[in-house]
Amino acid sequence: MSEYKPSEIEPRWQKFWEDKKIFKTDDQDREKPKYYVLDMFPYPSSNGLHVGHPEGYTATDILARYKRMKGFNVLHPMGWDAFGLPAEQYAVKTGTHPRTTTEKNVDRFREQLKSLGFSYDWDREVNTTDPDYFKWTQWIFLKLYERGLAYQADVPVNWCPELGTVLANEEVIDGKSEVGGFPVIRKPMRQWMLKITEYADRLLEDLDDLDWPDSVKELQRNWIGRSEGAEIDFHLKDISEDKIRVFTTRPDTLFGATYMVLAPEHPLVKKLTTEEQQAKVDAYLQEAEKKSDLERSALSKKKSGVFTGGYAINPVNGEEIPVWIADYVLMSYGTGAIMAVPGHDERDWEFARQFGLPIVEVIKGGNIDEAAFTDTENGVVVNSSNDEISINDMPVDEAKKKITKWLSDKGLGEASVNYKLRDWLFSRQRYWGEPFPIIFVDGKPKPLSPDQLPVTLPEVEKYEPSGTGESPLATIDSWVNTTDPETGKPAKRETNTMPQWAGSCWYYLRYIDPEYKQGPVDPEKEKYWMPVDLYVGGAEHAVLHLLYARFWHKVLYDAGVVSTKEPFHRLVNQGMILGEMEYHAFKDAKGNWVNPEDFENRDELQAVKLEESEVEKKGEGFVKKSTDIPVEARSYKMSKSRGNVVNPDVVVEKYGADSLRLYEMFMGPLEQVKPWSMRGVEGVYRFLNRVWRMMINEETGEFNPEVKDTEATPAQLKVLHETIKKVTEDIEGLRFNTAISALMIFNNEAMKWETKPVSVLKTFVLLLSPYAPHMAEELWEKLGEKDTLAYEPWPKYNESLMVDQTKHYAIQINGKVRGEIEVPMDKHKDKDFVLTKAKEEPGVAKYLAQGNLIKEIFVPGRIVNLVVK
RNA sequence: GCCGCUGUGGUGGAAUGGUAGACACGUCAGACUUAAAAUCUGAUGGGCCUUAUAGCCCGUACCGGUUCGAGUCCGGUCAGCGGUACCA
């Protein structure tokens, strides 16, 4: 008996690959072309792998295996993004050191990944929590500091007074703490910031040359949010020494500025506020401080604000305009102050309407009594002139230029560019992160010298927050108090730690030589391996991780540490895998079946889950079988609470890793969102079984008698070479689903063959090997090969073996197929011959007789279309 | 609101502007079996018509356009999913 038994085959080959270090990357040979194929490394959570992980990992593994066979030197590593909140939260709860939790989880992840047969070079494994790793994270921070890109500032954090701790954004839900539901306020604290804004333009420009999805590039562009405009100074009515500087993208509407608004935190608020308004202003400021970010932003549709009592002077017409405070103006964007042009800005219009401020039309084309007119393409400037300048009758773009030039000539303003992108808040008040390589001597920050690295985390008794908002590290006096190694003076350590992003910003460099002692990466090797040729991961990292990593990479480039401007040449986002399709019908409170679309509030309804067998298609949608009760059919994001999470271990146990790999790829295009289906797994499992039986007799374990060492027939070669072509092209294009389909078609054909030439089977096994490597190795061995197939040359196809004897043509009349003909190959480009034969076809002739032939379309090798009227 | 993605059989999906539904799943029928599972064979978008062969009509979310020919290109509409939120 020797049926296909993945549970026996797979561990055996995994051991073979590991023992013989089959996938250890050759780092000597510089003659071979290189291919660096990278997965986004996982956070090793306590849940273990879910089926979403192996999707991207299988795709990259297929490519890695394929490229090795194509003669590339392949770098295909894996590691752990292991600092982070969950381990720390677990530590607070149970007292278990996050290191212990992390190690346990990493072991589990590693074991799971190995069970899937991925061809990683495990000698290059990195772990962001390893002191030998974060030594270099700290080293890079020093580089940033040296270059003036790291600074300290007081920045509001999510402070929860009840819990006595600072919360991460994801721990705050609707302005309340996730744990306990206590109010969270914004409290300024001393923080480290990174000047990513200094790189905004380069981060924007260099996107153009990247082979990334347009959607990701667009997200990053929006995130950076570059906008061009002008900064303009407004003098104040009674205060001569100060002025309000605003940023605007619409300097052309300056004549329409009828009031100004300052952010509540703006430094001039105090000076401008008059005695009569003092009380109101104070009340408003207090109110604003209490509000969370969420409350301040869009949710509260109604705008709030208060008049300061002060006035500014519009520089173009000398009008005195009131200065207000409102929290719809943000201190963190532009200058924290705006000139309000209610006629041509929706927010200003709303605000002006609410508080009865004047609205003036300076752009013609709309009706400002009804809404702000913001069309910059068709608008024409009106009511905009003074003794020195007029921009009347100009289109918007032209007017912008003219007025900006005038302002800058008069010293009243200048052209300016602003970004939505903010500097990166780079510190967290947490234990489980990289300590900063910074000490404070006489209260001033001082970087440690590189030979003092790594700064490691102290052992602590408890992981509870300090209660003051500082990190738990602040409570460890023996660690905090140190001496300056240079001067011997007493010093204090920085007690904040770095955010989780830090370690993932540069890990792709460390894989290149994880043992390297003189720097984060060996320069010679870096030149060979960088950039990453293909980077695959989830779309959820489209902005932050990828932007931060690009930023660090550019800094390292400027510092001469790396040789490329960008780290990741090609990026692909794998689509999310959803749970199995679910069917729900709905009942109202009384227990009657209802149509959910009749109800506005679905919460009143009870969703009843139905089995597939209880459901049928009717009209546009589904109904409960033999009723008219509508059924909702959809699949949901996998989540613990929904109970639809699929664990890859279960799949491997039942069907094997090869089936899991194959199914994950066969589901559909890599980038697409798609629902899981256990039946689909069974389908590919059956395919693998057929492949096995195509060659092996299950009774004896020997080859079937049809398997012979004979010459292949032309028909067999044709199928084989078509398969080689399709599989090769589809791997290159990451179209794994259709490549697998081609393998299935081959196998369906080969099963029918009376003799199965060994040479053809060997080639097929090689084509199968990136997808189902365990089975392929097993069959390869059975076919008499001694060595692994991992480095066998990838099969080449020969077009001349793929040609048919005849060419098939579909014959259309007015675009509809009415007949089909076979044409000898040597005549298939002969228009007259093909057309004559086409017209003789009975089904075609019938239509020709019914009208006049007015046009003949002949596309050689493709189609004939006859236009008849 | 804005930005992005996606709409094709009962399901996942396939289709350089050229025969829509490859390949799978499911379902149905048959073979094997005492029986079931597994396996193998066949059918399977909807409809009309015929004893049958054959033939015809409709069909890629919806409306319109370009073209000899549109799932594919263009304009508009709708729906679902994801992201984002007063950025002056």
Side-chain angles (χ1 to χ4, degrees), chain A residues 3 213-216 218-219 221-223 225 227 229 246-250 253 261 294 296-301 303 326-330 332-341 345-348 350-351 418-422 539-540 542-543 573 575-576 578 581 612-613 615-617 620 622 633-635 637 663 666-669 671-684 686-687 689-690 693 698 735 737-738 740-745 748 751 808-820 842-843 846 854-859 861-868:
Chain A
E3 6 178 289
D214 285 336
S215 60
V216 175
E218 204 49 34
L219 276 173
R221 285 191 192 107
N222 291 341
W223 193 264
S227 53
V246 301
F247 172 73
T248 178
T249 55
R250 296 294 304 275
T253 62
V261 185
L294 194 90
R296 267 181 80 152
S297 69
L299 274 195
S300 45
K301 281 258 156 58
K303 291 202 165 26
D327 61 9
Y328 83 91
V329 173
L330 310 172
S332 48
Y333 184 78
T335 60
I338 62 158
M339 63 177 212
V341 185
D345 180 283
E346 281 169 26
R347 298 151 300 184
D348 298 345
E350 241 179 79
F351 191 82
N418 245 288
Y419 299 92
K420 236 159 96 176
L421 183 70
R422 309 289 161 78
E540 65 273 22
V543 178
N573 291 132
M576 199 180 7
L578 304 174
M581 173 96 89
E612 199 187 336
S613 55
V615 168
E616 68 183 349
K617 177 96 176 180
E620 287 291 280
F622 288 89
R634 54 170 290 203
S635 42
K637 210 166 163 171
Y663 175 64
F666 188 60
M667 287 170 94
E671 296 92 332
Q672 205 164 296
V673 176
K674 39 209 178 281
W676 184 266
S677 157
M678 270 308 178
R679 281 185 180 147
V681 183
E682 257 172 77
V684 294
R686 287 208 285 258
F687 162 64
N689 272 288
R690 282 197 295 274
R693 286 198 308 271
E698 288 186 291
R735 292 181 298 269
N737 54 330
T738 47
I740 293 168
S741 152
L743 293 169
M744 289 172 167
I745 292 170
N748 290 346
M751 294 219 291
H808 186 89
Y809 274 96
I811 314 300
Q812 297 181 332
I813 302 286
N814 298 337
K816 286 192 173 166
V817 179
R818 300 297 182 184
E820 293 170 49
K846 188 167 85 183
I854 56 170
K855 197 165 182 185
E856 296 171 341
I857 312 284
F858 174 68
V859 185
R862 288 234 158 261
I863 204 152
V864 173
N865 189 11
L866 304 173
V867 184
V868 175

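By convention in this document, chain letters (A, B, ...) are assigned in the order of the sequence lines, proteins followed by strands, and residues within each chain are numbered from 1.
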Report summary line: Heavy-atom contacts, protein to nucleotides 3-10 of chain B, under 4.0 Å, summarised as B (base), S (sugar-phosphate only) or - (none) per nt, yield SS-----S
Within the 4.0 Å heavy-atom criterion, would you say [X] contacts the bases, only the backbone, or no part of the nucleic acid?
{"X": "A:Arg422", "answer": "base"}
{"X": "A:Val673", "answer": "sugar-phosphate"}
{"X": "A:Val859", "answer": "base"}
{"X": "A:Asn689", "answer": "nothing"}
{"X": "A:Arg735", "answer": "nothing"}

Query raised in the report: Does B:G9 sit syn or anti, given that only angles within 90° of 0 count as syn?
Result: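 Syn conformation for B:G9.
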Just N and O in the side chain of [X]: are any of them under 4.0 Å from OP1 or OP2 of [N]?
{"X": "A:Lys674", "N": "B:G12", "result": "no"}
{"X": "A:Ser227", "N": "B:A88", "result": "yes"}
{"X": "A:Arg686", "N": "B:G26", "result": "yes"}
{"X": "A:Arg818", "N": "B:U19", "result": "no"}

Query raised in the report: Where each pair must be Watson-Crick or G-U wobble with both distances under 3.5 Å, what dot-bracket representation of RNA chain B is obtained, with crossing pairs in [ ] and other-strand partners as |?
Result: (((((((..(((.....[....)))((((((.......))))))((((......))))..(((((..]....))))))))))))....
[atom1] gap between [N] and [M], integer Å:
{"N": "B:C25", "M": "B:G75", "atom1": "P", "answer": "40 Å"}
{"N": "B:U66", "M": "B:A52", "atom1": "P", "answer": "43 Å"}
{"N": "B:G21", "M": "B:G9", "atom1": "P", "answer": "14 Å"}

Requested in this report: Check salt bridge (Lys or Arg N to Asp or Glu O under 4.0 Å) between A:Arg735 and all other residues, then give those that pass, not counting sequence neighbours.
Outcome: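 Per chain and number, A:Arg735 pairs via salt bridge (Lys or Arg N to Asp or Glu O under 4.0 Å) with A:Asp730.
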Looking at [X] and [Y], what are the two nearest heavy atoms and their distance?
{"X": "A:Val246", "Y": "A:Thr335", "value": "CA-OG1, 3.3 Å"}
{"X": "A:Asn865", "Y": "A:Ile813", "value": "OD1-C, 3.9 Å"}
{"X": "A:Pro669", "Y": "A:Lys674", "value": "O-NZ, 3.0 Å"}

**Report entry** Atom-to-atom span, CD1 of A:Ile740 to C1' of B:G12 - whole angstrom
**Finding:** 13 Å
Query raised in the report: Between the base of B:G18 and the side chain of A:Gln812, is there any donor-acceptor pair under 3.5 Å?
Result: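 Pair found.
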